[in-house]
Each structure stands twice: as C-alpha cells, then as structure tokens.
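Below, chain A is the first sequence line, B the second, and so on; all start at residue 1.
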Protein chains: 2
Amino acid sequence: MPPAPAARAKLLDAFVTILLEQGERAATLEAVAAAAGVSKGGLLYHFPTKDALVEGLAEHVEKLAAEDVDLMRAAPEGPVEYYIRTSVFADTPLDRAGVALTRLSQTANPRAREALQRIHQGWFDALAEEIGDHATARAVALIGDGLYYRAAMSGETSTTPPEDVDDLLAVVRRLTRTD
Amino acid sequence: MPPAPAARAKLLDAFVTILLEQGERAATLEAVAAAAGVSKGGLLYHFPTKDALVEGLAEHVEKLAAEDVDLMRAAPEGPVEYYIRTSVFADTPLDRAGVALTRLSQTANPRAREALQRIHQGWFDALAEEIGDHATARAVALIGDGLYYRAAMSGETSTTPPEDVDDLLAVVRRLTRTD
DNA sequence: GTCTATACCCAGATAGAC
DNA sequence: GTCTATCTGGGTATAGAC
C-alpha cells in the first residue's frame, strides 16, 4: 500500500462524523469536504464518486473489524465476554466507523451491506468456536447485534453504564455455562 | 377519527414498500405517488410535506405496535415466546411498517426515532413484567432487537426457518427458566 | 380530491486553472 | 493535489386548473 495520504484519512473521518451526528442525508460531498477542510473538488480527487467514498469507508471498517476479531480470539477473558463488552457503543474508531457504515447499509448500498455481513460473520464464527452450541452462539451474537444496532439507530453517543454491562454479562455467562 | 380515505392508506403502503425494497433514498414523493397510482400533487393533498408523510407512517406504526403489545400480553404462550416468535421478520403489516420506519430513523428524523423508542419500550415493559429480573429481560429484548434490526438492515424478505426459531426459543427458555 | 405545470434548490459530477 | 467555476438531474414544494 502507498503511504495513504493524510487527506484521505481526514475525509473518511469527516464522513464518519457527519454520518454519526447528522445521518446519511446530511453526508453530502460538500459537507464532508468542508468538515475535512477541503473543497468539493479536493474530495473528488481522492474519491472520484460518492460510491468510491462509501467503498473507502467499507474497506476501512472491514480492516478494523478484522483486527478486532483477532483481538477477540486472543482475549484472555475469552471471545464471548470480549464480544459483549465491546458491543456497547464505546466511541472507538471501530464503533464509530461501524455505526456510520450501518447507517449507509440500508440506503441501497449493497457494498456496505456485504461488508457488514462479512464482519458479523467473523464475529459469529469466533463466538461459535468458543460456545460450541450453534443456537446459543446465535443468541449471544444477537444480543451483541441488538446492542450494536440500538446504538446505530438511536444516535446515542451515550455510553451504557458499566454495571448494566456487568449485569448483561452475568446473564450471558449463565447462558453459555450450561452447555 | 374520520373515515380515513383509501388513498391515504395506499400512499402509506406504497411508502413502506419502497422503503423496504429500495431504501430511503429511493422513497421520493414522486416514486411514492407513482407506486400508489396517484400524481405528486395528489400525494401532496393528503400529506402536505414529506415530513407529514413520515409522521403519518410513524403514527401508523405506533398504532400497530400498541395492538401488538396487547396481543403479546394476552398471548397464551406468554409474552416472551410471543415476542421472540414475532421478532423474526414475517412480512406482517407491523413488520413491514416497522422496518420501514427503522430505515427512516437514522436519517435525521427525530420523530421516527421517538416513535421507535416508545414502541420498544412497550415491548420491553411486557417482557420485564413476565420475566421479573431486569437484566434477563434486557437480554431477551436485545435478542429480539437483534433479529429485528438484522431484518431491517439486510433487506432480507426471506423468513427465518421455523426450526431456527425453535432452537432460539429453547435457548431463551433456558435463560428465563432459571430465574 | 386529484391533476399539470412550473419554480427553486441542491446534490453529484466535469473541466480546467493554479 | 487542490481550487473555482459550471452543468445537469432530480427532489420538494407551490399555483392553479379541472
């Protein structure tokens, strides 16, 4: 990979921020360019079309998610606990970019949807490997999805209180222990 | 309530269908009007602005969801089983309209978001009443949310196979039984 | 209650200067 | 590599006929 110019990263970051804070409709080329401190023309040099911008975000998220799956598999507390803990919105780069991509996914962006599907599959596989039972793994994955999508929808930047996460984790442990 | 003209219902239905099949971007006034078999002007007689159309959909979904909560509380198999079973996308009027509204919710429609929040709260309350333990109720609610949002995102019109639902239900029963 | 016509605006994209 | 025009299409909304 070439050095990856700073402007590209800044543009993607601006795209994510607007998507998070104002939704898809507000994420116009002009708005993204302005937020990144360049002109529309400047943006279009790096991303020739809007689809290219979406594509760039999708790739970015897939890369971050792949790294996350590695972390998940290597986590001392195990994939399940890692997964649940990190499913609550925590304003990490992956959270931000992931939620932003989710907002695009319903619009009509097959690319965004495919990426998200692969990402979720990666998480699920890691869960299923630890849990064994398919249906239980599915239930755990769905709990994470629920947390994730709630964050993606409700525009909440708020973090779920730690004790709530602990309570939820206790429930999940009860679920996986009996297998 | 006045007789509620058929055209209004047809327009809302067309709005829902386009939202489901092609996403928010495609749901323009013209497209909705055409799908409902009227002209743009005709649509604008019933819904003076696009916001009014969204508002109309939100109200419609809230009404359907309120009825669903009643059914849920009265369900012979109990609220929990009813909730999980009906959380998978089944192409019912409520499913369709609910998913359509979900697609709108991230855009920047506070109205759509508020409606969805109230709706989810209604379901959660009914669950918590049966389950007792707050954290467990939350977990069950999240599993349903996960199913729901997955349908909302992936543009899947496909129905989850019944045996998968049964498997999931078995897991949920294990979860609630121990309380 | 529904239609046509049209005004207005803004998003996405192109061309070409610097 | 970034900028300033500028074109074009299409989305929302208004006016007014039928």
Side-chain angles (χ1 to χ4, degrees), chain A residues 1-58 100-101 103-112, chain B residues 1-58 100-101 103-112:
Chain A
M1 270 192 291
R8 242 189 93 97
K10 272 184 89 163
L11 283 163
L12 282 180
D13 193 57
F15 190 32
V16 166
T17 300
I18 295 177
L19 246 11
L20 278 181
E21 292 175 1
Q22 302 174 64
E24 195 238 325
R25 274 236 147 118
T28 65
L29 297 187
E30 196 152 283
V32 172
V38 299
S39 69
K40 222 199 289 197
L43 185 163
L44 287 166
Y45 169 78
H46 293 284
F47 301 98
T49 67
K50 185 151 199 191
D51 274 355
L53 185 60
V54 173
E55 173 70 27
L57 177 59
L101 189 62
R103 298 231 168 140
L104 288 175
S105 71
Q106 58 206 345
T107 295
N109 276 300
R111 184 60 188 82
Chain B
M1 269 195 289
R8 242 189 94 97
K10 272 184 89 163
L11 283 163
L12 282 180
D13 193 57
F15 190 32
V16 166
T17 299
I18 295 177
L19 246 11
L20 277 181
E21 293 175 0
Q22 304 174 62
E24 196 237 324
R25 274 236 146 118
T28 65
L29 297 187
E30 194 152 282
V32 172
V38 298
S39 71
K40 227 196 289 194
L43 186 163
L44 287 165
Y45 170 77
H46 294 283
F47 301 99
T49 67
K50 185 150 198 192
D51 274 356
L53 186 59
V54 174
E55 174 71 27
L57 177 59
L101 189 63
R103 298 233 168 137
L104 250 22
S105 71
Q106 59 206 342
T107 295
N109 276 302
R111 184 61 187 82

Nearest heavy-atom neighbours spanning [X] and [Y]:
X        : Y        : result
B:Ile18  : B:Ala35  : CD1-CB, 4.0 Å
B:Val32  : B:Phe15  : CG2-CD1, 3.7 Å
A:Ala112 : A:Ser105 : CB-CA, 3.9 Å
A:Ala31  : A:Ala26  : CB-O, 3.4 Å
B:Leu19  : B:Ala27  : CD1-CB, 3.5 Å
A:Leu104 : A:Leu57  : CD1-CD2, 3.9 Å

Heavy atoms only, 4.0 Å cut-off, all strands: where does A:Leu43 land among base, sugar-phosphate and nothing?
nothing
Write out all pairs satisfying salt bridge (Lys or Arg N to Asp or Glu O under 4.0 Å) with one or both partners inside residues 35-53 of chain A, taking only residues at least two apart or from two chains.
A:Glu30-A:Lys40
Across nucleotides 4-9 of chain D, 5' to 3', mark each nucleotide with B, S or - according to how protein heavy atoms within less than 4.0 Å reach it.
B-----
Do the non-hydrogen side-chain atoms of A:Leu12 and A:Phe47 ever get within less than 4.5 Å of each other?
yes
Shoot me the first and last contacting nucleotide of DNA chain C against chain A, ordered 5' to 3', at under 4.0 angstrom to non-hydrogen atoms.
C:dA11 to C:dT14
Atom pair [atom1]/[atom2] of [X] and [Y] - distance to nearest 0.5 Å:
X       : Y        : atom1 : atom2 : answer
A:Glu24 : B:Arg103 : CD    : CZ    : 12.0 Å
A:Leu43 : A:Leu11  : CG    : CG    : 4.5 Å
A:Gln22 : A:Thr28  : CD    : OG1   : 9.5 Å

Considering the terminal five base pairs at each end of the helix from C:dG1-D:dC18 to C:dC18-D:dG1, what angle separates the two local helix axes, rounded to 10°?
10°
Pull out every residue in residues 48-55 of chain A that has a heavy atom closer than 4.0 Å to any atom of DNA chain C, ordered by number, or say none.
A:Thr49, A:Lys50
Run the side chain to side chain contact (heavy atoms under 4.5 Å, CB included) test against B:Glu55 and tell me which residues pass, sequence neighbours left out.
B:Glu59, B:Arg111
